[in-house]
Amino acid sequence: MRKKLIAGNWKMNLLQAEAQSLFNSINKVALDSNESLDIMIAPPAPYLALFASQSSTRLGISAQDVSGREASQGAYTGEYSAAMLRSMGVKYAIVGHSERRTYHGETDETIGKKIAACLKADVIPVYCCGEILAEREAGKHFEVVSTQVRTALKGFDEKELSLLVVAYEPVWAIGTGKTASNDEAQEMHLAIRELLTGLYSKEFAKGVRILYGGSMKPQNAAQLLEQPDIDGGLIGGASLVAADFTAIIEAAR
Ligand code: PEP
């Protein structure tokens, strides 16, 4: 049985006092939640230490990115390592978000290195993949996502990937208000699971959590989360509103 994961990506939003207030609301909801669900938030990097020290064990803290270098320390201005995250109690790192791909030129090769850095430091990588609109309209979405996953996971064996979480995020649905239909999301999640079955073992593929991301909101969360291969959500906009994020957590329960 895969445990659902509801994950909020705050991106570059909220000044400290605003972030603290949102954190307080979510931390309280998480404290009251039972063990059947994992909850995670990814605040902006400057707030990670603060919230990692304040969060209850029911609320996981995530970075929105991490260095993919082999070294865990060194002369790499502006970067921070998975080992540093781990040392502060940060449990997850989002890697390969489409905004990192678009604005920072990240590729599945560089993202694969970030996955490796996370796994080495015992940080859970939340690996994001997903096609752009033109690729979907050209009917190439399965091929695109398959290539992304194969490239990012190249060279790992299934034992090394035991912590892996995948997030399918069709780029055309991120922050646009357009959501993949339940069927569109489910068929891609199933395709990713089948791909993992082919690359590794059925047992491994059955255990990997695959989140959906792209305009998930209280209004559509329950139906998406009901799909057999959707194991949670990676939520941007709606994770910035305590009531909306809480409603999605409720839907997941
Ligand atoms: C995201 O940024 O990962 C995301 C899914 O954003 P939104 O929920 O706003 O579409």
Side-chain angles (χ1 to χ4, degrees), residues 4-14 18-19 22 25-26 38-45 47-48 60-66 90-106 108 111 114-115 118 124-133 135-136 141 144-145 148-149 152 164-182 184-186 188-189 192 209-225 227 229-252:
K4 284 211 170 11
L5 169 61
I6 297 298
N9 175 12
W10 293 2
K11 311 191 184 190
M12 193 177 78
N13 287 298
L14 308 175
E18 299 163 328
L22 180 59
S25 307
I26 296 168
D38 285 334
I39 305 169
M40 166 210 122
I41 52 165
Y47 310 145
L48 283 172
I61 303 296
S62 175
Q64 297 175 13
D65 183 38
V66 66
V90 173
K91 203 169 158 192
Y92 303 83
I94 297 171
V95 294
H97 190 280
S98 72
E99 287 147 19
R100 300 288 314 172
R101 293 173 187 256
T102 304
Y103 304 128
H104 299 271
E106 291 191 9
D108 284 290
I111 297 160
K114 294 184 179 209
I115 294 174
C118 285
I124 300 172
V126 179
Y127 163 66
C128 303
C129 56
E131 80 286 356
I132 61 171
L133 185 59
E135 292 163 340
R136 177 160 283 263
H141 42 296
V144 166
V145 172
Q148 289 175 335
V149 174
L164 179 75
V165 173
V166 176
Y168 168 58
E169 299 209 301
V171 180
W172 48 270
I174 297 180
T176 58
K178 280 189 213 152
T179 319
S181 69
N182 302 332
E184 284 169 338
Q186 166 56 26
M188 182 60 86
H189 282 234
I192 294 170
R209 291 187 286 184
I210 308 176
L211 315 183
Y212 170 78
S215 298
M216 189 182 270
K217 309 182 257 293
Q219 297 87 317
N220 58 24
Q223 300 93 300
L224 284 162
L225 293 168
Q227 304 303 313
D229 288 287
I230 299 187
D231 307 311
L234 181 53
I235 299 128
S239 74
L240 295 171
V241 179
D244 287 356
F245 195 60
T246 305
I248 296 174
I249 291 171
E250 284 304 326

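Order of appearance sets the numbers: ligands from 1, and atoms from 1 within every ligand. Worth knowing before you read on, the calculation uses all heavy atoms, side chains too, and leaves out hydrogens, waters and symmetry mates.
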Within this structure, what is the OG-CD distance for the pair S181 and Q223, rounded to the nearest 0.5 Å?
11.5 Å
With sequence neighbours left out, what residues match K91 under side chain to side chain contact (heavy atoms under 4.5 Å, CB included)?
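So K91 forms a side chain to side chain contact (heavy atoms under 4.5 Å, CB included) with I124.
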What class does the angle between the rings of Y168 and H189 fall in, given that below 30° is parallel, 30 to 60° is tilted and above 60° is perpendicular?
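The rings of Y168 and H189 stand perpendicular, inter-plane angle above 60°.
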Indicate yes or no: at least one non-hydrogen side-chain atom of Q64 is less than 4.5 angstrom from one of E99.
no
When you compare the side chain of H104 with that of D65, does any pair of heavy atoms fall below 4.5 Å?
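No. Closest side-chain heavy atoms not under 4.5 Å.
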Show the numbers, then the answer: is there a side-chain hydrogen bond (donor to acceptor under 3.5 Å, both in side chains) between Y127 and D108?
CA-CA 10 Å; Y127 163 66; D108 284 290; 2.7 Å; yes
To check you understand the geometry: which heavy-atom pair defines the closest contact between T179 and S215, and what is its length?
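In this case the closest contact between T179 and S215 is OG1-O, 3.4 Å.
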Can you sort out which atoms of ligand 1 are near [X], meaning under 4.0 Å from one of its heavy atoms?
X	result
I174	1 (C), 2 (O), 4 (C), 6 (O), 10 (O)
K11	1 (C), 2 (O), 6 (O)
G214	5 (C), 10 (O)
S215	7 (P), 8 (O), 10 (O)

Below 3.5 Å, N or O to N or O, backbone or side chain included: is there any such pair between G175 and ligand 1?
yes
Any N or O on G237 sitting closer than 3.5 Å to an N or O of ligand 1?
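Yes: some nitrogen or oxygen of G237 is under 3.5 Å from one in ligand 1.
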What protein heavy atom is closest to [atom], reported as residue, atom name and distance in Å?
atom	answer
atom 3 (O) of ligand 1	E169 OE2, 2.7 Å
atom 8 (O) of ligand 1	G236 N, 2.8 Å
atom 1 (C) of ligand 1	H97 NE2, 3.2 Å

May I ask you to identify, for A173, whether its side chain, its backbone, both or neither come under 4.0 Å of ligand 1 on a heavy-atom basis?
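Within the 4.0 Å criterion, A173 contacts ligand 1 through backbone atoms alone.
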